Amino acid sequence: MTKLDVGGEIVSPPRRKLRVSPLLAWVAVAPFAVWAAARLAGLDGAGRLSAAGVALMTGTPYVAAASLLAVPIALAARRPAVIAVAGAASVLLAAVVLPRAAGSTPTAGGPSLRILTVNLFFGAGDAATVVDLVRRLRPDVLNTQELTPKAVEALDAAGVERLLPYRRLEAGPGPSGSGIYARHPLTEAPDFAPEGGHNMPRARLALPSGPPVEIVDVHTLAPLSGADAAQWNAELAALPAASPGVVRVLAGDFNASLDHAALRAVLGRGYADAADATGDGLATTWPAGRRYPPLITIDHVLYDERASAVSTAVHTVPGSDHRALFAELRLPRSL
């Protein structure tokens with residue numbers, strides 16, 4: 001038999017590189033660039049407190065994640081301008097969102113202050129669950145929103161008075177009522193909230209040691225319309241600034257996220273956000289009790305920046321459309 005040599009060269013067909021038209025790339029990139037600019041400029045209400053703009057801005061963490069998808073599309077277009085805009089939008093959105101998942105080291109060395117806040121959803125939040133949280137977490141303060149007279153009775157029947165014997169309550173129908181329960185004596189302080197909104201009581205808390213503390217139970221109006229958004233903005237603007245003579249804590253349902261300029265303005269008056277400081281700033285609180293997890297973070301504990309946040313956690317309360325938020329703070333030794 002004769003052995004035959006087979007010659008020749010095997011040539012692979014050239015691979016076609018994915019290309020995207022520049023127009024399609026700009027269509028994919030532009031919304032993220034506009035969103036990043038609006039977020040950085042604080043234009044969630046476009047200067048007229050648009051309810052739609054306020055609502056949309058709560059989705060910034062999701063937009064930041066989605067903006068990563070626009071980068072490979074821009075690269076496929078092979079246009080330096082669209083690549084630069086896509087990269088800048090993604091980086092800027094990440095810069096405002098990712099720090100919420102990175103905690104800071106507590107620096108204050110004074111006594112502990114533990115706070116639990118829960119919106120009871122027209123008083124329907126399960127009182128036994130709330131009192132069980134009080135029993136397990138041992139908060140010094142419980143702030144409640146949408147506290148109805150029947151909810152007050154239910155909390156008392158569940159045993160809240162034995163655990164938190166002091167109170168400053170402004171119960172009311174529907175979403176209007178709020179109330180502060182405390183382990184230590186409370187001294188009533190005058191309200192500050194603008195007319196037309198929910199009750200927002202505040203009180204001085206007499207801790208056994210440490211600096212004086214003031215608690216504000218926050219529940220701003222939900223910005224569901226243009227008029228509501230204007231009221232919401234006015235209520236956030238009316239929240240008292242941090243004070244040299246007291247450690248002030250604002251805790252409750254702000255109906256605002258850290259992506260709203262109005263809430264960042266509150267922080268700019270001498271406060272820090274507890275969940276943001278502990279790396280839990282992306283833990284969502286509303287809407288709870290659905291077949292899907294809560295989507296946005298609108299419940300907060302804001303504290304005088306001379307204090308520190310040690311830990312935070314969210315807890316489900318059956319019957320409520322909000323998760324309860326717990327925060328342990330460390331107060332300064334003195335003022």
Side-chain angles (χ1 to χ4, degrees), residues 6-104 223 226 229 233 256-265 267-268 272-273 275-287 290-298 300:
V6 180
E9 182 180 356
I10 299 175
V11 179
S12 299
R15 293 183 179 180
R16 298 183 63 184
K17 295 183 178 180
L18 177 65
R19 296 203 66 167
V20 173
S21 73
L23 177 60
L24 179 60
W26 278 116
V27 169
V29 168
F32 298 107
V34 171
W35 198 292
R39 167 59 177 80
L40 291 174
L43 300 180
D44 44 83
R48 291 171 294 185
L49 295 172
S50 157
V54 172
L56 284 172
M57 194 55 66
T58 62
T60 295
Y62 301 102
V63 174
S67 71
L68 297 173
L69 301 176
V71 175
I73 296 174
L75 291 171
R78 303 180 192 176
R79 292 292 191 273
V82 71
I83 292 171
V85 171
S90 187
V91 168
L92 290 172
L93 287 169
V96 299
V97 170
L98 289 181
R100 300 173 206 176
S104 57
N233 186 71
S257 79
L258 293 175
D259 292 302
H260 287 124
L263 183 57
R264 296 197 302 277
L267 291 169
D273 181 272
D276 184 37
T278 59
D280 292 328
L282 296 177
T284 52
T285 63
W286 186 89
R290 306 295 199 272
R291 294 182 179 180
Y292 50 87
L295 299 175
I296 59 177
T297 306
I298 58 175
H300 304 272

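Everything numeric here is computed off the predicted structure, so don't read it as measured data.
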Worksheet item: Shortest non-hydrogen contact from A25 to V20?
Response: N-CG1, 4.0 Å
Fill in: Heavy-atom check, side chain of S90 versus side chain of V71, under 4.5 Å
yes
Practice prompt. For residues V54 and P223, report the shortest heavy-atom separation together with the two atoms involved.
Written response: CG1-CG, 3.6 Å
Discussion item. Within this structure, what is the CG-OG distance for the pair L92 and S67, rounded to the nearest 0.5 Å?
Written reply: 9.5 Å
Discussion item. Give me the atom names and distance for the closest heavy-atom approach of A28 to A70.
Written reply: O-CB, 4.0 Å
Practice prompt. Check for a donor-acceptor pair, side chain of T60 on one end and backbone N or O of M57 on the other, with a separation under 3.5 Å.
Written response: yes
Worksheet, complete the sentence: Checking P293, P287, P294 against R290 for side chain to side chain contact (heavy atoms under 4.5 Å, CB included), the one that qualifies is P287
Item to complete: Might you confirm whether atom CH2 of W286 has over 12 heavy atoms from other residues, nucleotides or ligands at distances under 6.0 Å?
Response: no
Item to complete: Would you give the length of the straight line joining atom NE2 of H300 to atom CG of D276, rounded to the nearest 0.5 angstrom?
Response: 10.0 Å
Worksheet entry | P22 to A77 - nearest heavy-atom pair and separation | CA-CB, 4.3 Å
Worksheet, complete the sentence: Output for pair (L267 CG, L258 CG), nearest 0.5 Å, gives 6.5 Å
Discussion item. Within the structure provided, determine whether V97 and L282 are in side-chain contact (heavy-atom separation under 4.5 Å).
Written reply: yes
Practice prompt. Could you tell me which non-hydrogen atom of A256 sits nearest to which non-hydrogen atom of L263, and how far apart they are?
Written response: O-CD2, 3.8 Å
Discussion item. Using only atom types and a distance under 3.5 Å, with no angle test, would you say the side chain of R264 pairs donor to acceptor with the backbone of D259?
Written reply: yes
Fill in: Heavy-atom side-chain proximity of I298 to H260 below 4.5 angstrom
no
Worksheet item: Which atom names give the shortest non-hydrogen contact between V82 and A74, and what distance separates them?
Response: O-CB, 3.7 Å
Worksheet item: At what distance, to the nearest 0.5 angstrom, does CZ of F32 lie from CG of L68?
Response: 9.0 Å
Discussion item. Working to the nearest 0.5 angstrom, can you tell me the gap between L43 CG and W35 CH2?
Written reply: 13.0 Å
Worksheet entry | Pairwise side-chain contact, T284 with T297, heavy-atom cut-off 4.5 Å (strictly under) | yes
